[in-house]
Amino acid sequence: QVQLVESGGGLVQAGGSLRLSCAASGRTFSIGNMAWFRQAPGKEREFVAAITWTGGRTYYVDSVKGRFTISRDNAKNTIYLQMNSLKPEDTAVYYCAATLKSFVPSSRIDYDYWGQGTQVTVSS
């Protein structure tokens with residue numbers, strides 16, 4: 001089993017920045033890749049960004065490219081999501097997820113472990 005704990009959400013004005021963290025514990029050696037998803041009220045949970053656990057290759061949904069950066073610290077078993085130039089439409093609960101798969105999926109059904117979520121609210 002892998003446990004994931006997010007932190008760093010909050011309220012910020014449009015144009016501001018936040019950094020989310022996700023600490024993994026348990027059988028972290030089994031992790032293939034990790035990702036951030038988000039879910040706004042009344043909407044489906046959507047893929048935001050992913051990073052390979054070993055090589056550090058990154059992937060982003062088009063709507064956050066150039067504004068968000070995903071990174072990892074393997075020594076701390078932690079990934080981060082640096083969010084800059086935030087917009088009101090970025091408001092959502094952000095979830096950290098881990099997959100045991102060796103490829104990087106963008107579908108939530110391919111992720112095996114989830115954090116509890118952290119709220120990000122961007123005011124206009």
Side-chain angles (χ1 to χ4, degrees):
Q1 292 290 324
V2 174
Q3 296 77 43
L4 303 174
V5 178
E6 302 105 331
S7 60
L11 173 64
V12 65
Q13 288 188 330
S17 299
L18 281 174
R19 189 175 84 151
L20 307 182
S21 300
C22 173
S25 60
R27 298 171 63 89
T28 57
F29 61 86
S30 66
I31 294 174
N33 301 290
M34 294 188 69
W36 290 96
F37 285 73
R38 65 186 179 187
Q39 187 166 17
K43 294 189 176 181
E44 295 284 322
R45 191 172 298 186
E46 67 167 349
F47 171 85
V48 176
I51 188 165
T52 58
W53 194 235
T54 54
R57 188 169 182 176
T58 58
Y59 304 81
Y60 299 93
V61 68
D62 285 347
S63 60
V64 307
K65 284 181 180 177
R67 299 189 299 122
F68 290 10
T69 302
I70 187 171
S71 61
R72 79 199 194 289
D73 184 335
N74 286 63
K76 297 181 178 180
N77 289 327
T78 299
I79 66 166
Y80 305 94
L81 186 67
Q82 177 66 44
M83 305 184 294
N84 298 328
S85 302
L86 282 161
K87 305 175 181 180
E89 51 264 43
D90 294 318
T91 295
V93 177
Y94 283 70
Y95 296 91
C96 173
T99 177
L100 304 181
K101 297 176 175 60
S102 59
F103 63 95
V104 179
S106 60
S107 173
R108 59 178 295 185
I109 64 173
D110 289 318
Y111 284 83
D112 303 284
Y113 301 101
W114 293 86
Q116 80 287 356
T118 185
Q119 177 70 47
V120 171
T121 303
V122 184
S123 62
S124 57

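On a predicted model such as this, the values are computed, not experimentally measured, just so you know. Residue numbers start at 1 and run along the sequence shown.
In this structure, CD in Gln3 is found 10.0 Å from OG1 in Thr28, a value given to the nearest 0.5 Å. Here Ser30 contributes atom OG and Gln1 contributes atom CD; the two are 9.0 Å apart, rounded to the nearest 0.5 Å. Distance check, rounded to the nearest 0.5 Å: OG of Ser63 to CD of Glu89 gives 8.5 Å. Interatomic distance, Met34 CE to Thr99 OG1, rounded to the nearest 0.5 Å: 10.5 Å. Separation of atoms CD (Glu6) and SG (Cys22) is listed at 5.5 Å; rounding is to 0.5 Å.
Listed for the Arg45 side chain is no donor-acceptor partner under 3.5 Å among the backbone atoms of Val93.
The same ILVMFWY cluster, assembled from side-chain heavy atoms under 4.5 Å apart, contains both Ile51 and Leu4. Clustering ILVMFWY residues whenever any of their side-chain heavy atoms sit less than 4.5 angstrom apart, transitively, puts Val64 in a cluster other than the one holding Tyr80.
Closest approach of Phe47 and Tyr60 over heavy atoms only: CE2-C, 4.2 Å. Minimum heavy-atom separation, Ser85 to Ser17: N-OG, 4.4 Å. Contact detail for Ile31 and Ala24: the closest heavy-atom pair is CD1-CB, 4.1 Å. Nearest heavy-atom pair across Leu18 and Val120 is CD1-CG1, 3.9 Å. Closest heavy-atom contact between Ser124 and Ala14: CA-CB, 4.4 Å. Scanning all heavy atoms of the two residues, the minimum distance from Val5 to Gln116 falls at CA-OE1, 3.8 Å.
Two rings, from Phe37 and Tyr111, have their centers less than 6.0 Å apart.
The 12-atom threshold is not exceeded at NZ of Lys76, counting heavy atoms of other residues, nucleotides or ligands nearer than 6.0 Å.
Taking the salt bridge (charged side-chain N to carboxylate O under 4.0 Å, His left out) definition, one finds that Arg38 meets it with Glu46, Asp90, sequence neighbours left out.
A 4.5 Å side-chain heavy-atom check between Leu86 and Phe68 finds at least one atom pair inside the cut-off.
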task: Check the pair Trp53 / Val104 against side chain to side chain contact (heavy atoms under 4.5 Å, CB included), numbers first and verdict last.
output: CA-CA 10 Å; Trp53 194 235; Val104 179; over 6 Å; no
(Q) Walk me through whether Thr91 and Gln119 qualify under side chain to side chain contact (heavy atoms under 4.5 Å, CB included). (A) CA-CA 8 Å; Thr91 295; Gln119 177 70 47; 4.0 Å; yes
Let me see the working for Ile70 and Tyr59 under side chain to side chain contact (heavy atoms under 4.5 Å, CB included), right down to the final yes or no. CA-CA 8 Å; Ile70 187 171; Tyr59 304 81; over 6 Å; no
Q: Evaluate the criterion side chain to side chain contact (heavy atoms under 4.5 Å, CB included) for residue pair Met83 and Val12; output intermediate values, then yes/no.
A: CA-CA 11 Å; Met83 305 184 294; Val12 65; over 6 Å; no
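In this structure, Tyr95 and Trp114 have perpendicular ring planes: the angle between them is above 60°, well past the 30° mark.
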